Chemist: 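Below: one structure in structure tokens.
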Number of protein chains: 2
Amino acid sequence: MKRRAHETSIEDEEIDLSNNVGHLLRRAQQRTAAIYVEEIGREMSSPQFSLLLAILQEPGRAQIDFVQKVGIDRSTLSAMVDRLVKRGMLTRERAQHDQRVDALFITPKGTATVRRAIPGAYNVHRRVMQLLPVDLRVGFIKALTVLSEQPAEPSKPKPRRKSATAGEDDAE
Amino acid sequence: MKRRAHETSIEDEEIDLSNNVGHLLRRAQQRTAAIYVEEIGREMSSPQFSLLLAILQEPGRAQIDFVQKVGIDRSTLSAMVDRLVKRGMLTRERAQHDQRVDALFITPKGTATVRRAIPGAYNVHRRVMQLLPVDLRVGFIKALTVLSEQPAEPSKPKPRRKSATAGEDDAE
DNA sequence: TATTGTTATACTCTATAACTATA
DNA sequence: TATAGTTATAGAGTATAACAATA
């Protein structure tokens, strides 16, 4: 592991959860999720809301498009779409021009459901922002946006020379 | 996005994922999780690391203490501890003073595992921070800390007058 | 051969409720 | 009765790998 970052001997007491972005992000999301439930309820999970909203705005796109747009794994998305189709929120249609792709459409019921949730989504955003000191708000969203935009190689792993295989430079 | 709470008629196009804290937090966490895997691998999930670290720092505390400290649900934590015990990272010991509580201890193996992961944890933190413009970094952590600290009534629902029962003031 | 989507597998996390054994 | 922990359910999301159909 590339410990050259800080090759000092590290005491257990020197690290703690309060300066661990991963942990903080999880807690923050947890808090946000709680507010989400208060505002929107359990009819739709937050990722489901994101997906439905995206489809509402660009109906007819292929699943793969939403994978990238919404940031949900291919197989996860497939399962999510299954559930939402089962609940009458979405439909799948085989694309004519390419028989491999499923175009996604939102049903009237799905549309109504998302639209109903939109005010709640605003409230979630607003309430979370209100928890923060005013001077941190803009920067916070900026920071999250930057992190969200970083493409972690989203299903486009650029066919590197298949020679060596092995290490993703995973450093073990 | 601050279109004043709601009450206005909202067009679908006016809201989008790029100003939705919930969505942004999820994406950001996703990105962080990917870095976590690169640095630490799949030996431990991020929540497991948090838990082990907490126990390393305060061994012998009851499970319930870690529920609050680490922010993991009671039953989730129970299952996590099961897995970690099974993998020889933790032990449970019935507390003498209160036969209901399980005190948690980290084993030498667990200790070694966390300690080995600590440099990686630093790297995760560092790498995530480096993705951000310098001027956003401190504020970002501050904001996350604030959000993390908000207690969403963590298993301490304070026995309100048992009179009315009913509404958790859940609004809805 | 590459791409889209599905399926299988396996983990993990979350939440609720009911249950036990204590206190 | 309240608390600590477990267990049973149920629902989601995530990730990997393998596969079929299609391009």
Side-chain angles (χ1 to χ4, degrees), chain A residues 26-27 29-31 33-34 36-37 41-51 61-68 70-87 92-104 152-159 162 168, chain B residues 26-27 29-34 36-38 41-51 61-68 70-87 92-104 152-159 162 168:
Chain A
R26 187 176 64 81
R27 299 298 300 266
Q29 205 186 3
Q30 209 169 44
R31 178 90 185 99
Y36 176 93
V37 170
R42 301 189 193 288
E43 191 179 15
M44 261 180 308
S45 70
S46 176
Q48 284 174 337
F49 173 75
S50 296
L51 176 59
R61 305 290 293 266
Q63 270 188 204
I64 194 73
D65 294 326
F66 295 106
V67 163
Q68 321 214 3
V70 188
I72 294 173
D73 179 84
R74 223 163 81 187
S75 62
T76 303
L77 190 101
S78 182
M80 282 177 64
V81 171
D82 281 351
R83 279 176 229 120
L84 291 170
V85 166
K86 200 168 300 174
R87 289 167 52 193
R92 276 192 249 242
E93 268 181 48
R94 217 69 201 183
Q96 320 84 329
H97 65 288
D98 187 335
Q99 288 294 305
R100 291 172 304 180
V101 332
D102 275 339
L104 298 184
E153 228 134 291
S155 82
K156 284 279 181 197
K158 196 172 292 172
K162 61 199 42 198
E168 298 277 316
Chain B
R26 188 176 64 80
R27 299 300 300 266
Q29 204 187 4
Q30 207 168 46
R31 178 92 186 94
T32 302
Y36 176 93
V37 170
E38 285 180 22
R42 299 191 194 287
E43 190 180 15
M44 262 179 308
S45 69
S46 176
Q48 285 175 336
F49 173 76
S50 296
L51 176 59
R61 304 292 294 264
Q63 269 188 207
I64 193 73
D65 294 326
F66 295 106
V67 163
Q68 321 213 359
V70 187
I72 295 173
D73 179 86
R74 222 164 82 186
S75 63
T76 302
L77 191 101
S78 182
M80 284 176 65
V81 171
D82 280 351
R83 280 178 226 117
L84 292 170
V85 165
K86 201 170 298 174
R87 289 167 53 194
R92 277 193 248 241
E93 269 182 49
R94 218 68 201 184
Q96 319 84 328
H97 65 288
D98 187 334
Q99 289 294 305
R100 291 173 303 182
V101 333
D102 275 339
L104 299 184
E153 226 136 292
S155 82
K156 283 280 181 194
K158 196 171 290 174
K162 64 212 27 210
E168 299 279 316

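Lettering of chains follows the sequences in order, A, B, ..., and the numbering in each one begins at 1. If you're wondering where the values come from, they're calculated on a predicted model, not measured in any experiment.
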Chemist: Could you please name the option among D:dA15, C:dC13, C:dT4 that lies closest to any side-chain atom of B:P47?
Modeler: C:dC13

Chemist: Considering only side-chain heavy atoms of A:R100, which listed nucleotide, D:dT14, C:dA15, D:dA23, is closest?
Modeler: D:dA23

Chemist: Let me know, please, whether A:Q30 or A:L77 comes out on the 5' side of the other along DNA chain C by nearest nucleotide.
Modeler: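 Checking each residue's closest nucleotide, the 5'-ward one belongs to A:L77.
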
Chemist: Which nucleotide sits closest to the side chain of B:D98: C:dT22, D:dG5, D:dT7?
Modeler: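 The closest nucleotide is C:dT22.
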
Chemist: Is any side-chain nitrogen or oxygen of A:Q48 closer than 4.0 Å to OP1 or OP2 of D:dG11?
Modeler: no

Chemist: If we ignore angles and hydrogens, is there a donor and acceptor under 3.5 Å between the side chains of A:R27 and A:Q30?
Modeler: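 A:Q30 and A:R27 do have a side-chain donor-acceptor pair below 3.5 Å.
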
Chemist: Can you measure A:Q96 atom CD to D:dA23 atom C1' for me and round it to whole angstrom units?
Modeler: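 Taking atom C1' of D:dA23 as the reference, CD of A:Q96 is at 16 Å.
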
Chemist: Please state how far atom CD1 in B:I64 lies from atom C1' in C:dA21, giving the value in whole angstrom units.
Modeler: 15 Å

Chemist: Is there a donor and acceptor pair closer than 3.5 Å between the side chain of B:S75 and the base of C:dT14?
Modeler: no

Chemist: Here's a test of your reading of the structure: between B:S46 and A:R42, which maps to the more 5' nucleotide of DNA chain C?
Modeler: B:S46

Chemist: Any side-chain N or O of B:S45 under 4.0 Å from OP1/OP2 of C:dT12?
Modeler: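 It does not, given that no N or O in the side chain of B:S45 lies less than 4.0 Å from OP1 or OP2 of C:dT12.
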
Chemist: On the nucleotide D:dA4, are OP1 or OP2 found under 4.0 Å from the side-chain N or O atoms that B:R61 carries?
Modeler: no

Chemist: Please confirm whether any donor atom in the side chain of B:R74 sits under 3.5 Å from an acceptor in the base of D:dG5, or the reverse.
Modeler: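 When only heavy-atom distances are counted, B:R74 does reach the base of D:dG5 through a donor-acceptor pair under 3.5 Å.
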
